Peer 1: 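I'd like to ask you about the structure that follows.
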2 protein chains.
Amino acid sequence: MTEKNSLLCNGKHHEMERFIETCLLLLLYKETGYGYALMEQLNYFDFSEGRLNISTLYRRLRKMEKEELVVSAWEESSKGPKKRIYSITDKGKEKLAKWIQILKSRKSKIVKLIDKYDETVKTSH
Amino acid sequence: MTEKNSLLCNGKHHEMERFIETCLLLLLYKETGYGYALMEQLNYFDFSEGRLNISTLYRRLRKMEKEELVVSAWEESSKGPKKRIYSITDKGKEKLAKWIQILKSRKSKIVKLIDKYDETVKTSH
DNA sequence: TTTAACTATATACTTATTGCATATAGTCCT
DNA sequence: AGGACTATATGCAATAAGTATATAGTTAAA
(Lines give C-alpha, C1' and ligand atoms only; values in the text may rest on other atoms or scores of the structure.)
Protein backbone atom coordinates (compact mmCIF):
# COMPACT_ATOMS: atom_id res chain seq x y z
CA MET A 1 0.00 0.00 0.00
CA THR A 2 1.72 3.14 -1.15
CA GLU A 3 0.50 6.13 0.67
CA LYS A 4 1.31 8.93 -1.69
CA ASN A 5 -0.09 12.18 -0.51
CA SER A 6 -3.50 11.03 0.47
CA LEU A 7 -5.54 10.90 3.56
CA LEU A 8 -7.60 7.87 3.26
CA CYS A 9 -11.29 7.92 3.71
CA ASN A 10 -14.05 5.56 3.90
CA GLY A 11 -17.72 4.83 4.18
CA LYS A 12 -20.31 4.88 6.84
CA HIS A 13 -19.79 7.21 9.76
CA HIS A 14 -16.18 8.00 9.43
CA GLU A 15 -13.69 10.58 10.39
CA MET A 16 -10.62 10.91 8.35
CA GLU A 17 -8.48 7.94 9.00
CA ARG A 18 -5.24 9.67 9.75
CA PHE A 19 -7.05 12.40 11.56
CA ILE A 20 -7.87 10.07 14.42
CA GLU A 21 -4.42 8.61 14.48
CA THR A 22 -2.83 12.01 14.08
CA CYS A 23 -4.77 13.28 17.08
CA LEU A 24 -3.78 10.25 19.12
CA LEU A 25 -0.12 10.55 18.22
CA LEU A 26 -0.19 14.20 19.16
CA LEU A 27 -1.75 13.49 22.52
CA LEU A 28 0.88 10.83 23.16
CA TYR A 29 3.58 13.22 22.03
CA LYS A 30 2.71 15.41 24.97
CA GLU A 31 2.52 12.60 27.47
CA THR A 32 1.95 8.88 27.71
CA GLY A 33 -1.62 7.74 28.07
CA TYR A 34 -4.05 4.85 28.03
CA GLY A 35 -7.06 4.20 25.87
CA TYR A 36 -9.92 5.16 28.12
CA ALA A 37 -8.32 8.47 29.10
CA LEU A 38 -7.24 9.25 25.55
CA MET A 39 -10.84 8.88 24.56
CA GLU A 40 -11.73 11.77 26.81
CA GLN A 41 -8.78 13.88 25.72
CA LEU A 42 -9.94 13.57 22.14
CA ASN A 43 -12.71 15.94 23.06
CA TYR A 44 -10.22 18.70 22.42
CA PHE A 45 -10.28 17.77 18.76
CA ASP A 46 -14.06 17.70 18.70
CA PHE A 47 -14.18 13.99 19.03
CA SER A 48 -16.95 13.63 21.55
CA GLU A 49 -17.87 10.14 22.66
CA GLY A 50 -20.85 10.15 20.42
CA ARG A 51 -18.61 10.95 17.52
CA LEU A 52 -15.97 8.28 17.84
CA ASN A 53 -16.66 4.79 18.85
CA ILE A 54 -14.33 3.52 21.55
CA SER A 55 -13.83 0.26 19.74
CA THR A 56 -12.32 2.25 16.92
CA LEU A 57 -9.94 3.97 19.29
CA TYR A 58 -8.63 0.74 20.73
CA ARG A 59 -8.25 -0.71 17.32
CA ARG A 60 -6.30 2.27 16.08
CA LEU A 61 -4.01 2.07 19.06
CA ARG A 62 -3.39 -1.64 18.50
CA LYS A 63 -2.73 -1.02 14.86
CA MET A 64 -0.29 1.79 15.53
CA GLU A 65 1.61 -0.41 17.93
CA LYS A 66 1.85 -3.09 15.32
CA GLU A 67 3.26 -0.47 13.02
CA GLU A 68 5.72 0.58 15.72
CA LEU A 69 4.40 4.10 15.94
CA VAL A 70 3.72 3.55 19.65
CA VAL A 71 4.68 1.08 22.31
CA SER A 72 2.60 -0.04 25.23
CA ALA A 73 3.14 -1.58 28.64
CA TRP A 74 0.63 -2.93 31.15
CA GLU A 75 0.52 -1.05 34.37
CA GLU A 76 -1.10 -2.33 37.52
CA SER A 77 -3.47 0.21 38.88
CA SER A 78 -3.90 1.14 42.50
CA LYS A 79 -7.55 1.59 41.69
CA GLY A 80 -9.54 -0.22 39.07
CA PRO A 81 -8.30 -2.57 36.41
CA LYS A 82 -4.80 -2.53 34.94
CA LYS A 83 -4.06 -0.05 32.19
CA ARG A 84 -2.29 -0.34 28.92
CA ILE A 85 -0.07 2.71 28.81
CA TYR A 86 1.02 3.92 25.41
CA SER A 87 4.03 5.99 24.43
CA ILE A 88 4.97 7.39 21.08
CA THR A 89 8.10 6.09 19.37
CA ASP A 90 10.56 8.06 17.30
CA LYS A 91 9.04 6.43 14.28
CA GLY A 92 5.67 7.62 15.49
CA LYS A 93 6.97 11.16 15.82
CA GLU A 94 8.21 11.11 12.26
CA LYS A 95 4.92 9.74 11.10
CA LEU A 96 3.09 12.44 13.00
CA ALA A 97 5.14 15.13 11.31
CA LYS A 98 4.40 13.54 7.99
CA TRP A 99 0.69 13.43 8.56
CA ILE A 100 0.69 17.01 9.65
CA GLN A 101 2.12 17.89 6.28
CA ILE A 102 -0.54 15.84 4.62
CA LEU A 103 -3.21 17.58 6.63
CA LYS A 104 -1.84 20.94 5.58
CA SER A 105 -2.13 19.90 1.99
CA ARG A 106 -5.61 18.68 2.67
CA LYS A 107 -6.56 21.96 4.20
CA SER A 108 -5.35 23.79 1.12
CA LYS A 109 -7.48 21.59 -1.07
CA ILE A 110 -10.52 22.29 1.05
CA VAL A 111 -9.90 26.02 0.89
CA LYS A 112 -9.56 25.81 -2.84
CA LEU A 113 -12.80 23.91 -3.17
CA ILE A 114 -14.67 26.31 -0.92
CA ASP A 115 -13.40 29.31 -2.87
CA LYS A 116 -14.39 27.66 -6.10
CA TYR A 117 -17.84 27.01 -4.70
CA ASP A 118 -18.33 30.59 -3.57
CA GLU A 119 -17.14 31.85 -6.89
CA THR A 120 -19.43 29.50 -8.79
CA VAL A 121 -22.52 30.18 -6.74
CA LYS A 122 -21.95 33.90 -6.98
CA THR A 123 -21.70 33.95 -10.74
CA SER A 124 -24.77 31.77 -11.16
CA HIS A 125 -27.10 34.20 -9.38
CA MET B 1 -27.05 5.95 7.87
CA THR B 2 -27.18 9.19 9.78
CA GLU B 3 -24.55 11.52 8.62
CA LYS B 4 -24.11 13.86 11.52
CA ASN B 5 -21.34 16.32 10.91
CA SER B 6 -18.72 13.92 9.77
CA LEU B 7 -16.68 13.45 6.73
CA LEU B 8 -16.23 9.81 6.35
CA CYS B 9 -12.92 8.22 5.70
CA ASN B 10 -11.61 4.94 4.77
CA GLY B 11 -8.74 2.61 4.12
CA LYS B 12 -6.31 1.99 1.37
CA HIS B 13 -5.61 4.82 -1.00
CA HIS B 14 -8.44 7.08 -0.36
CA GLU B 15 -9.44 10.64 -0.73
CA MET B 16 -12.08 12.00 1.56
CA GLU B 17 -15.34 10.55 0.57
CA ARG B 18 -17.39 13.63 0.28
CA PHE B 19 -14.49 15.51 -1.15
CA ILE B 20 -14.73 13.58 -4.39
CA GLU B 21 -18.46 13.92 -4.57
CA THR B 22 -18.33 17.55 -3.54
CA CYS B 23 -15.90 18.25 -6.36
CA LEU B 24 -18.07 16.42 -8.83
CA LEU B 25 -21.22 18.20 -7.76
CA LEU B 26 -19.44 21.52 -8.05
CA LEU B 27 -18.25 20.75 -11.55
CA LEU B 28 -21.77 19.74 -12.53
CA TYR B 29 -23.12 22.87 -10.89
CA LYS B 30 -21.23 24.88 -13.45
CA GLU B 31 -22.24 22.76 -16.41
CA THR B 32 -23.41 19.30 -17.30
CA GLY B 33 -20.76 16.74 -17.98
CA TYR B 34 -19.90 13.10 -18.53
CA GLY B 35 -17.63 10.80 -16.62
CA TYR B 36 -14.54 10.72 -18.76
CA ALA B 37 -14.40 14.49 -19.12
CA LEU B 38 -15.20 15.05 -15.45
CA MET B 39 -12.19 12.91 -14.67
CA GLU B 40 -9.98 15.40 -16.44
CA GLN B 41 -11.67 18.40 -14.89
CA LEU B 42 -10.95 17.01 -11.48
CA ASN B 43 -7.36 17.95 -12.08
CA TYR B 44 -8.31 21.39 -10.90
CA PHE B 45 -8.86 19.92 -7.45
CA ASP B 46 -5.55 18.12 -7.55
CA PHE B 47 -7.13 14.88 -8.52
CA SER B 48 -4.73 13.73 -11.15
CA GLU B 49 -5.46 10.45 -12.89
CA GLY B 50 -2.93 8.74 -10.79
CA ARG B 51 -4.67 9.94 -7.69
CA LEU B 52 -8.21 8.83 -8.34
CA ASN B 53 -9.15 5.64 -9.99
CA ILE B 54 -11.67 6.10 -12.73
CA SER B 55 -13.70 3.17 -11.52
CA THR B 56 -14.28 5.12 -8.35
CA LEU B 57 -15.46 8.14 -10.27
CA TYR B 58 -18.04 6.17 -12.20
CA ARG B 59 -19.24 4.48 -9.09
CA ARG B 60 -19.62 7.77 -7.27
CA LEU B 61 -21.62 9.14 -10.16
CA ARG B 62 -23.87 6.12 -10.23
CA LYS B 63 -24.35 6.33 -6.52
CA MET B 64 -25.21 10.01 -6.58
CA GLU B 65 -27.78 9.36 -9.24
CA LYS B 66 -29.34 6.69 -7.13
CA GLU B 67 -29.50 9.25 -4.37
CA GLU B 68 -31.11 11.73 -6.76
CA LEU B 69 -28.30 14.23 -6.43
CA VAL B 70 -27.78 14.07 -10.18
CA VAL B 71 -29.64 12.80 -13.21
CA SER B 72 -28.17 11.38 -16.35
CA ALA B 73 -29.19 10.85 -19.96
CA TRP B 74 -27.47 8.96 -22.75
CA GLU B 75 -26.34 11.08 -25.61
CA GLU B 76 -25.33 9.74 -29.00
CA SER B 77 -22.01 11.07 -30.01
CA SER B 78 -20.99 12.23 -33.45
CA LYS B 79 -17.60 10.83 -32.66
CA GLY B 80 -16.82 7.92 -30.41
CA PRO B 81 -19.14 6.04 -28.16
CA LYS B 82 -22.28 7.44 -26.60
CA LYS B 83 -21.94 9.49 -23.46
CA ARG B 84 -23.79 9.50 -20.22
CA ILE B 85 -24.39 13.16 -19.51
CA TYR B 86 -24.96 14.15 -15.90
CA SER B 87 -26.75 17.19 -14.49
CA ILE B 88 -27.07 18.25 -10.92
CA THR B 89 -30.53 18.26 -9.32
CA ASP B 90 -31.91 20.75 -6.85
CA LYS B 91 -31.42 18.11 -4.22
CA GLY B 92 -27.84 17.85 -5.35
CA LYS B 93 -27.36 21.58 -5.01
CA GLU B 94 -28.64 21.48 -1.47
CA LYS B 95 -26.37 18.59 -0.69
CA LEU B 96 -23.44 20.42 -2.19
CA ALA B 97 -24.08 23.42 0.03
CA LYS B 98 -24.31 21.11 2.98
CA TRP B 99 -21.05 19.40 2.24
CA ILE B 100 -19.35 22.71 1.79
CA GLN B 101 -20.35 23.54 5.33
CA ILE B 102 -19.02 20.24 6.49
CA LEU B 103 -15.76 20.86 4.69
CA LYS B 104 -15.47 24.23 6.39
CA SER B 105 -15.86 22.55 9.72
CA ARG B 106 -13.31 19.98 8.67
CA LYS B 107 -10.88 22.68 7.74
CA SER B 108 -11.25 24.27 11.14
CA LYS B 109 -10.46 20.98 12.78
CA ILE B 110 -7.35 20.56 10.70
CA VAL B 111 -6.20 24.06 11.55
CA LYS B 112 -6.76 23.36 15.19
CA LEU B 113 -4.75 20.18 15.03
CA ILE B 114 -1.90 21.79 13.16
CA ASP B 115 -1.74 24.65 15.64
CA LYS B 116 -1.74 22.21 18.48
CA TYR B 117 1.07 20.30 16.87
CA ASP B 118 3.19 23.37 16.32
CA GLU B 119 2.57 24.44 19.88
CA THR B 120 3.45 21.02 21.22
CA VAL B 121 6.58 20.56 19.18
CA LYS B 122 7.79 24.01 20.10
CA THR B 123 7.46 23.52 23.81
CA SER B 124 9.15 20.15 23.68
CA HIS B 125 12.40 21.47 22.24
C1' DT C 1 -23.88 -10.93 49.60
C1' DT C 2 -25.44 -9.24 45.35
C1' DT C 3 -26.17 -5.71 42.16
C1' DA C 4 -25.07 -1.45 39.90
C1' DA C 5 -21.90 1.90 38.36
C1' DC C 6 -17.60 3.19 36.83
C1' DT C 7 -13.15 2.09 34.89
C1' DA C 8 -10.54 -0.41 31.25
C1' DT C 9 -9.80 -3.36 27.31
C1' DA C 10 -10.92 -6.18 23.45
C1' DT C 11 -13.22 -8.45 19.20
C1' DA C 12 -16.93 -10.45 15.85
C1' DC C 13 -20.21 -8.89 12.50
C1' DT C 14 -21.73 -5.70 9.16
C1' DT C 15 -21.53 -1.90 6.01
C1' DA C 16 -19.22 1.16 2.90
C1' DT C 17 -15.36 2.87 0.09
C1' DT C 18 -11.70 2.48 -3.29
C1' DG C 19 -7.65 0.54 -5.95
C1' DC C 20 -6.62 -3.29 -8.87
C1' DA C 21 -8.05 -6.02 -12.46
C1' DT C 22 -10.85 -6.67 -16.04
C1' DA C 23 -14.41 -6.16 -19.45
C1' DT C 24 -17.21 -4.13 -23.31
C1' DA C 25 -17.82 -0.94 -27.09
C1' DG C 26 -17.47 3.07 -30.78
C1' DT C 27 -14.31 5.74 -33.81
C1' DC C 28 -10.18 6.69 -36.18
C1' DC C 29 -5.66 5.75 -37.91
C1' DT C 30 -1.81 2.70 -39.21
C1' DA D 1 -6.73 -6.34 -38.37
C1' DG D 2 -4.56 -4.11 -34.61
C1' DG D 3 -3.59 -0.13 -31.84
C1' DA D 4 -4.87 4.14 -29.73
C1' DC D 5 -8.18 6.97 -27.87
C1' DT D 6 -12.74 7.68 -26.05
C1' DA D 7 -16.36 6.05 -22.83
C1' DT D 8 -18.54 3.16 -19.40
C1' DA D 9 -19.01 -0.48 -16.14
C1' DT D 10 -18.23 -4.29 -12.46
C1' DG D 11 -15.95 -8.23 -9.62
C1' DC D 12 -12.43 -8.96 -6.06
C1' DA D 13 -9.79 -7.75 -2.16
C1' DA D 14 -8.24 -4.76 1.49
C1' DT D 15 -9.34 -1.50 4.88
C1' DA D 16 -11.91 1.44 8.17
C1' DA D 17 -15.48 2.19 11.54
C1' DG D 18 -20.19 1.64 13.89
C1' DT D 19 -22.96 -1.80 16.31
C1' DA D 20 -23.05 -5.32 19.40
C1' DT D 21 -21.03 -7.80 22.70
C1' DA D 22 -17.76 -9.61 25.95
C1' DT D 23 -14.47 -9.77 29.95
C1' DA D 24 -12.60 -7.93 34.20
C1' DG D 25 -11.21 -4.90 38.54
C1' DT D 26 -12.89 -1.64 42.09
C1' DT D 27 -16.22 0.71 44.77
C1' DA D 28 -20.63 1.82 46.55
C1' DA D 29 -25.41 0.93 47.29
C1' DA D 30 -29.25 -2.23 47.94
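Please read these numbers as outputs of a predicted model, since none were measured by experiment. In what follows, every chain begins at residue 1, and chains take the letters A, B, ... in the order their sequences are listed.
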Peer 1: Could you go through the side-chain hydrogen bond (donor to acceptor under 3.5 Å, both in side chains) check for B:Thr56 and B:Arg60 one step at a time?
Peer 2: CA-CA 6 Å; B:Thr56 301; B:Arg60 305 262 46 84; over 6 Å; no
Peer 1: How many Å lie between CG on B:Leu57 and P on D:dA9, as a whole number?
Peer 2: 10 Å
Peer 1: Who pairs with A:Ser108 by side chain to side chain donor-acceptor pair (under 3.5 Å), at least two apart in sequence or on another chain?
Peer 2: none
Peer 1: Would you say a side-chain N or O of A:Arg59 is under 4.0 Å from OP1 or OP2 of D:dA17?
Peer 2: no
Peer 1: Rounded to whole Å, please give me the gap between CG in B:Leu24 and P in D:dT8.
Peer 2: 13 Å
Peer 1: Rounded off to whole Å, could you give me the CZ-to-P distance for the B:Phe19 and C:dT17 pair?
Peer 2: 18 Å
Peer 1: Answer yes when A:Lys91 and A:Glu68 have at least one side-chain N-carboxylate O distance shorter than 4.0 Å, and no when they do not.
Peer 2: yes
Peer 1: Atom CD of B:Gln41 to atom P of D:dT6: distance rounded to whole Å?
Peer 2: 14 Å
Peer 1: With a cut-off of under 6.0 Å to the ring centre and 45° to the axis, is A:Arg84 in cation-pi contact with A:Tyr58?
Peer 2: no
Peer 1: Could you run down the sub-3.5 Å N/O contacts of the protein with nucleotides 1-10 of chain C?
Peer 2:
from   : atom 1 : to      : atom 2 : distance (Å)
C:dT7  : OP2    : A:Tyr36 : OH     : 3.2
C:dA8  : OP1    : A:Tyr34 : OH     : 3.4
C:dA8  : OP1    : A:Lys83 : NZ     : 2.7
C:dA8  : OP2    : A:Tyr34 : OH     : 2.8
C:dT9  : OP1    : A:Arg84 : N      : 2.7
C:dT9  : OP1    : A:Arg84 : O      : 3.4
C:dT9  : OP2    : A:Gly35 : N      : 3.3
C:dT9  : OP2    : A:Tyr36 : N      : 2.8
C:dT9  : OP2    : A:Tyr58 : OH     : 3.1
C:dA10 : OP1    : A:Arg84 : NH1    : 2.4

Peer 1: Of all residues at least two apart in sequence or in a different chain, which pass the salt bridge (charged side-chain N to carboxylate O under 4.0 Å, His left out) check with B:Glu119?
Peer 2: B:Lys116
Peer 1: Find the distance B:Glu76:CD to D:dT6:C1' and express it as a whole number of Å.
Peer 2: 14 Å
Peer 1: Of all the heavy-atom pairs spanning B:Leu96 and B:Tyr29, show the shortest one and how long it is.
Peer 2: CD2-CD1, 3.6 Å
Peer 1: Rounded to whole angstroms, how far apart are CG on B:Leu61 and P on D:dT10?
Peer 2: 13 Å
Peer 1: If I take atom CD in residue A:Glu75 and atom C1' in nucleotide D:dG25, what distance separates them, rounded to the nearest angstrom?
Peer 2: 15 Å
